[in-house]
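First up is the structure itself, then whatever we jot down about it.
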Amino acid sequence: MHAFDVLADPVRRRILELLASGERAAGDVGEVVQAEFSITQSAVSQHLKVLRSSGFVEVRPEGTRRLYAVAPDPLREVDAWLDHFRRFWEPHLDALATELARGKRERRLEAEDD
């Protein structure tokens with residue numbers, strides 16, 4: 001399965017978001033995803049299986065629990081592909097950074113005048 005096919009599903013994207021902060025037990029992931037998407041534990045397990053088989057997550061057993069974590073390699077591949085398109089938004093982000101710095105400077109100068 002292609003990386004973008006995996007990432008196209010909002011449930012799988014949400015699972016990756018949850019795991020981005022660190023390793024989590026399958027049950028913890030399941031509770032959040034079930035509540036947010038109104039799906040069954042079995043459906044969550046299937047999404048975890050797709051993420052695991054496509055290499056987006058790694059799993060390790062700890063007693064009776066299964067702990068999931070993000071595997072970085074597929075995300076690096078996505079990032080490399082997106083690199084072709086960064087030129088479309090980076091100038092806008094640079095301009096935003098300039099405007100933010102200008103506003104910060106103006107506020108600082110106003111505070112000094114007070």
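Just so you know, these numbers use all the heavy atoms, side chains as well, and skip hydrogens, waters and symmetry mates.
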Where do [X] and [Y] come nearest, in terms of heavy atoms and distance?
X	Y	value
T40	Q34	C-NE2, 3.8 Å
S54	P74	O-CG, 4.2 Å
R52	V57	N-CG2, 3.5 Å
A8	R13	O-NH1, 2.9 Å

Out of curiosity, [X] [atom1] to [Y] [atom2], how far, rounded to the nearest 0.5 Å?
X	Y	atom1	atom2	answer
L51	D9	CG	CG	8.5 Å
E36	E31	CD	CD	12.0 Å
Q41	Q46	CD	CD	10.5 Å

- request: Please work out which of the three classes, parallel, tilted or perpendicular, describes the rings of F4 and H2, given edges at 30° and 60°.
  value: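 Ring orientation, 0 to 90° scale: parallel.
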
message: So that I can tick it off, tell me whether R107 and E110 are bridged by a salt bridge, with the cut-off set at under 4.0 angstrom between side-chain N and carboxylate O.
response: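 So E110 does not pair with R107 through a salt bridge.
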
- prompt: Salt bridge between D73 and R76, side-chain N to carboxylate O under 4.0 Å?
  reply: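 Answer for the salt bridge query: yes.
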
query: What about V59 and V33, same hydrophobic cluster or not, with Ile/Leu/Val/Met/Phe/Trp/Tyr joined at side-chain heavy-atom distances under 4.5 Å?
result: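 They do share one cluster, since a chain of ILVMFWY contacts under 4.5 Å joins V59 to V33.
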
field: Single-linkage hydrophobic cluster L67~L19, side-chain heavy atoms < 4.5 angstrom
entry: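 No; tracing contacts between hydrophobic side chains, which count when under 4.5 Å, never links both residues.
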
field: Whether R66 side chain and A26 backbone form a donor-acceptor pair below 3.5 Å
entry: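 Answer holds: no.
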
message: Using a 3.5 Å distance criterion without hydrogens, assess whether the side chain of H47 forms a donor-acceptor pair with backbone atoms of V44.
response: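 No, because the side chain of H47 does not come within donor-acceptor range (under 3.5 Å) of the backbone of V44.
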
- prompt: How about F56 and L7: do any of their side-chain heavy atoms sit closer than 4.5 Å?
  reply: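 F56 vs L7: side chains touch.
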
Pairing residues for E77 by the side chain to side chain contact (heavy atoms under 4.5 Å, CB included) criterion, not counting sequence neighbours: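 Expected list: none.
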
message: Here's a test for you: under side chain to side chain contact (heavy atoms under 4.5 Å, CB included), which of I15, L75, L18 qualifies with V70?
response: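 It is L75; the other options fail the test.
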
- prompt: Can you tell me if CZ on R105 sees more than 12 non-hydrogen neighbours from other groups inside 6.0 Å?
  reply: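 Result for CZ/R105: open.
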
